[in-house]
Amino acid sequence: MNSLKKILKQFAYPYKKEFILGILFNVLYSLFSIVSVFSIMPILEMLLGGNNQILIEETKKEMQVSNGMMAELKYKFYVFLDHSLEGTNPKTVLAYLCITVIILFLLRNIFRYLAQYFIVLLRSGISKDLRVGMYDKILTLPVAYFTNRKKGDIMIRLSGDVGEVEGNILTSILELWRTPFSILFTLIALIAISPSLTLIAFIVLPFMAWIISSIGKSLKKDAKKGLAESGNVLSVIDETLNGAKIIKIFNAEETMKSRFMNSVLNLRRLSINMMKKYELASPSSEFLGSVAMIFITWYGGVLILDGEGLNLPSFLVYIALFFQLLEPAKTLSTSITNLHKGTASTDRLVETLETSIQIYEPENAINLSEIKEGIQLKNINFQYVDGHPILQDINLFLAKGKTIAVVGQSGSGKTTLANLIARFYDVDSGAIYVDGHDLRDLNLKVYRKLLGMVTQESILFNDTIANNIKLSNPNATMDEVIEAAKVANALEFIEQMPDGFDTTIGEGGGKLSGGQKQRIAIARAILKNPPIMILDEATSALDTQSERLVQDALDNLMSNRTSLVIAHRLSTIVKADMIIVMDKGKIMEQGSHGELLEKNGIYKKLIDMQNFS
Ligand SMILES: Nc1ncnc2c1ncn2[C@@H]1O[C@H](COP(=O)(O)OP(=O)(O)OP(=O)(O)O)[C@@H](O)[C@H]1O
């Protein structure tokens, strides 16, 4: 429940006006629900009991017997009715009464609509803010958060869990505010009609409440497991969509199918457990409701037969009101059940919302808006998982305007080195200094303005070519975008596309070739024009012409810049000012191409094998 309180505190507060109005109209609706049913009583009494004079006499007698509030009210009402409609035909009185009842029912439904109107504003507002809040949080979370979690799990938080808050949870909270008023008003009315009958009725109700609440508690456990499994199902679907080609080429359909089936069967088992309990809540409360009804009918019948202050019309209204009591009582119990079930969702939302941003910046972070000397890595050690060191004792100076090529076998830690310079992760020991300032003391947003990055896999979004390029600089003019595309050797193919720069490139750039994707990614980095470039050369083989176009584009990108290239092409390596050779997380050799060849060490072997992974 704590997580629910936190969510409400953060997201419901701006909608307090809608909340108050929603509750107010709901209370009026509850009140008019009672009054409208009550208003039928005079009609019944006229039809079943005769004319006003007889009614007045009867209520007088009733007053003497029961001496109750109800009898007194009724007496006053009939005297008033008799006085104001003196000499009027009983049929006209009946017509007036019917019109009054219609007006009361109309008012009741107007209030109900108004209550729902404000509640819709409240619910949609809260869920919109919650979605935006979650998305904003995801944008600020460190890269490490996403590598440790399944995509499906994150997706279900944004869609399923937020949907649960909007649907079940908020409805239940509002019902928790409405139903007690309904119950209270109905109870007052029931006691007013017959206190002793009401006492009997309420011997049964506590049982109902107890049974329903115990079902609710065990539901929460199942709901939590069910949500986790839904995340797994989404993850498998996501991987299948992304890996369609690989699945087909390796005939892995059966393997994927069995993974999916396992997840789906698990989900089904959990859903059955949950639904069984959930569906048990309604029939059990209904059954107990009918038991209560039989008790009341029996006891009410006895009171009428004994002539103990209860007549048939009052008894009929009593029964109608009692039925009205069952609805809020049932809603109250399902709301409590739903809230138990829903806390699994709010727990997960709060967990994401409260994830600490592990990459901290000091309060007085330094705004470094240009680089004068270079980036120094001093005695760096780093591990992703405790006990598995990835980088060990790294010392390196990336001087301004120079290009460093990093080579080494796959898994030697090259990408990790780039990740640390971009501060996607913090070093475990040692430090990275930018112009002498510890990277951890810098304002990260300002520092990242100095950086450009082209990753091995070109990350493109399902948008137009122009917008994909402009991601690095949304304020760029179209002329600048065209110029960047030209330098990246991309202009020619873009102009041949059906809508030129306005062509939408599909999810992940699916409508483009590998080389085209890379050149768009390079154009994006060129448009940003950052002083420092981090480049992970793609290993995927391109045809000779494409390769040359991409290579030229990269050369253009690196010229006059400080660059760190994770190099896979000999041409890039040879041109670099310095080459770093990595092996198992350590720098084994460093120097120029010629120097390293002379050393006749690891580098020489890599060159001989043409293996720069
Ligand atoms: N997010 C992560 N969590 C845990 N371990 C990781 C993570 N990312 C990489 N590693 C591990 O760190 C080691 C170095 O990986 P890295 O990606 O830096 O190598 P690389 O030299 O760039 O390899 P390649 O040339 O194949 O891209 C590998 O053993 C890898 O398994």
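Just follow the structure's listing: the first ligand is 1, and inside any ligand the first atom is 1.
Using a 4.0 Å cut-off between charged side-chain N and carboxylate O, Asp583 and Lys586 make no salt bridge. By the 4.0 Å N-to-carboxylate-O rule, Lys6 lies close enough to Glu354 to be salt-bridged with it. The pair Asp161-Arg348 meets the salt-bridge criterion, since a charged nitrogen lies less than 4.0 angstrom from a carboxylate oxygen.
Each of the atoms 14 (C), 15 (O), 16 (P), 18 (O) of ligand 1 lies under 4.0 Å from some heavy atom of Thr416. Within the listing of ligand 1, atoms 17 (O), 18 (O), 20 (P), 22 (O), 27 (O) sit less than 4.0 angstrom from a heavy atom of Thr415.
Counting heavy atoms only, Tyr384 comes closest to atom 3 (N) of ligand 1 of the residues Tyr425, Phe424, Tyr384.
Under a 4.0 Å heavy-atom criterion, Gly411 is in contact with ligand 1.
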### CA sep, side-chain torsions, deciding dist, call: Asp577, Ile404, side-chain contact (heavy atoms from CB on, under 4.5 Å)
CA-CA 6 Å; Asp577 298 297; Ile404 288 186; over 6 Å; no
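Contacts between Ile390 and ligand 1 below 4.0 angstrom, taking non-hydrogen atoms only, involve the side chain exclusively.
At least one donor-acceptor pair under 3.5 Å links the side chain of Ser472 to the backbone N or O of Arg524.
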